[in-house]
Enquirer: 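This structure is in structure tokens; I'll ask about it shortly.
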Amino acid sequence: MAKVSKKPLRKNLIKELDIVFSQFIRLRYAKNEIAECVTCGKKDHWKKLQNGHFMSRANYSTRWNEDNCQVQCMGCNVFKQGEQYKYSLYLGNKLSEELYIKSKEIVKFADVELIDMIDYYKQKVNILLKFS
Ligand SMILES: [Zn+2]
């Protein structure tokens with residue numbers, strides 16, 4: 001019997017985009033592979049840090065937004081539920097408010113848009129990996 005993937009394609013696309021987008025966020029400002037948590041300043045290898053969302057990743061309109069996503073350590077992102085207040089201090093009032101409003105928008109990305117974003121961020125990550 002042929003193996004049939006249980007997950008629909010769309011879920012896989014979202015998962016793949018989450019992975020490559022997270023790599024991009026953690027690599028974009030890394031120096032010598034070291035990145036810094038925006039809410040506590042902890043520095044570590046980018047692979048040991050996380051992509052922390054200011055507005056929850058449950059909001060698709062800001063899930064892959066380059067301002068809404070910044071480097072966080074596991075302590076801040078997971079154990080301190082994202083440190084949203086400190087995060088807003090990092091972003092500043094204007095951007096925090098813009099992201100708050102944007103996060104309430106209902107968007108549905110088409111599969112082709114997800115594929116385009118995956119390709120776009122894969123290219124960016126490949127370049128960053130060469131120069132980090
Ligand atoms: Zn932290």
Side-chain angles (χ1 to χ4, degrees):
M1 218 168 84
K3 261 195 175 177
V4 179
S5 173
K6 281 177 195 159
K7 280 186 183 170
L9 175 66
R10 188 174 177 80
K11 266 194 176 173
N12 290 338
L13 289 176
I14 287 169
K15 200 172 164 187
E16 194 177 348
L17 181 53
D18 279 340
I19 290 167
V20 71
F21 187 76
S22 167
Q23 289 173 336
F24 167 74
I25 292 298
R26 290 175 289 147
L27 278 164
R28 66 178 165 174
Y29 305 134
K31 289 192 180 94
N32 299 318
E33 303 191 340
I34 301 299
E36 186 174 342
C37 173
V38 298
T39 44
C40 78
K42 181 184 172 178
K43 291 180 181 177
D44 209 340
H45 192 280
W46 69 271
K47 286 184 179 173
K48 292 184 178 168
L49 295 167
Q50 300 184 340
N51 170 26
H53 292 71
F54 174 61
M55 296 309 298
S56 159
R57 66 208 284 273
N59 305 298
Y60 280 85
S61 54
T62 47
R63 185 170 176 136
W64 302 293
N65 178 296
E66 291 186 13
D67 293 317
N68 191 56
C69 298
Q70 306 288 341
V71 175
Q72 283 193 306
C73 67
M74 192 192 269
C76 290
N77 191 32
V78 179
F79 301 116
K80 294 179 182 168
Q81 287 81 38
E83 286 278 45
Q84 198 183 35
Y85 175 68
K86 284 187 187 171
Y87 207 142
S88 74
L89 295 179
Y90 171 80
L91 292 172
N93 282 343
K94 188 169 173 279
L95 200 48
S96 296
E97 195 166 329
E98 281 170 13
L99 289 169
Y100 174 78
I101 293 164
K102 195 171 172 58
S103 73
K104 305 299 172 198
E105 289 171 12
I106 305 298
V107 294
K108 190 172 183 201
F109 291 103
D111 287 359
V112 64
E113 290 177 288
L114 297 173
I115 291 166
D116 278 351
M117 287 194 280
I118 291 166
D119 288 344
Y120 175 78
Y121 285 109
K122 266 190 183 165
Q123 282 182 30
K124 289 218 158 202
V125 165
N126 282 335
I127 291 165
L128 286 164
L129 281 172
K130 270 183 204 158
F131 296 103
S132 68

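Computation of the quantities below employed the complete heavy-atom set of this structure, encompassing side-chain atoms and omitting hydrogens, waters and symmetry-equivalent molecules. Remember, it's 1-based here, ligands and their atoms both numbered in the order they're listed.
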Enquirer: At less than 2.8 Å, how many protein N/O/S atoms surround the Zn ion (ligand 1)? Leave waters out.
Expert: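 For the Zn ion (ligand 1), protein nitrogen, oxygen or sulfur atoms under 2.8 Å: 4.
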Enquirer: Would you give me the side-chain donor-acceptor pairs under 3.5 Å for residues 71-83, sequence neighbours excluded?
Expert:
{"unit_1": "Gln72", "atom_1": "NE2", "unit_2": "Thr39", "atom_2": "OG1", "d": "3.0"}
{"unit_1": "Gln72", "atom_1": "NE2", "unit_2": "Gly82", "atom_2": "O", "d": "3.0"}
{"unit_1": "Asn77", "atom_1": "ND2", "unit_2": "Gln50", "atom_2": "OE1", "d": "2.7"}
{"unit_1": "Glu83", "atom_1": "OE2", "unit_2": "Lys86", "atom_2": "NZ", "d": "3.4"}

Enquirer: Quick one, Val20 and Gln23 - any side-chain contact, counting heavy atoms below 4.5 Å?
Expert: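 A side-chain contact exists here, since the closest heavy-atom pair is under 4.5 Å.
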Enquirer: Sequence neighbours left out, what pairs pass ring-ring contact (aromatic ring centres under 6.0 Å, His included) with at least one residue falling in residues 80-111?
Expert: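 Qualifying pairs: Phe54-Tyr87, Trp64-Phe109.
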Enquirer: Determine the interplanar angle of the Phe21 and Tyr121 rings, folded into 0 to 90°, and report it as parallel if under 30°, tilted if 30 to 60°, perpendicular if over 60°.
Expert: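 Plane angle over 60°, so perpendicular.
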Enquirer: Just to verify, which of Arg26, His53, Glu36, Arg28 counts as forming a side chain to side chain donor-acceptor pair (under 3.5 Å) with Gln70?
Expert: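 Passing option: Arg28.
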Enquirer: Per the salt bridge (charged side-chain N to carboxylate O under 4.0 Å, His left out) rule, what does the pair list look like for residues 112-125, sequence neighbours excluded?
Expert: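 Qualifying pairs, neighbours excluded: Glu16-Lys122.
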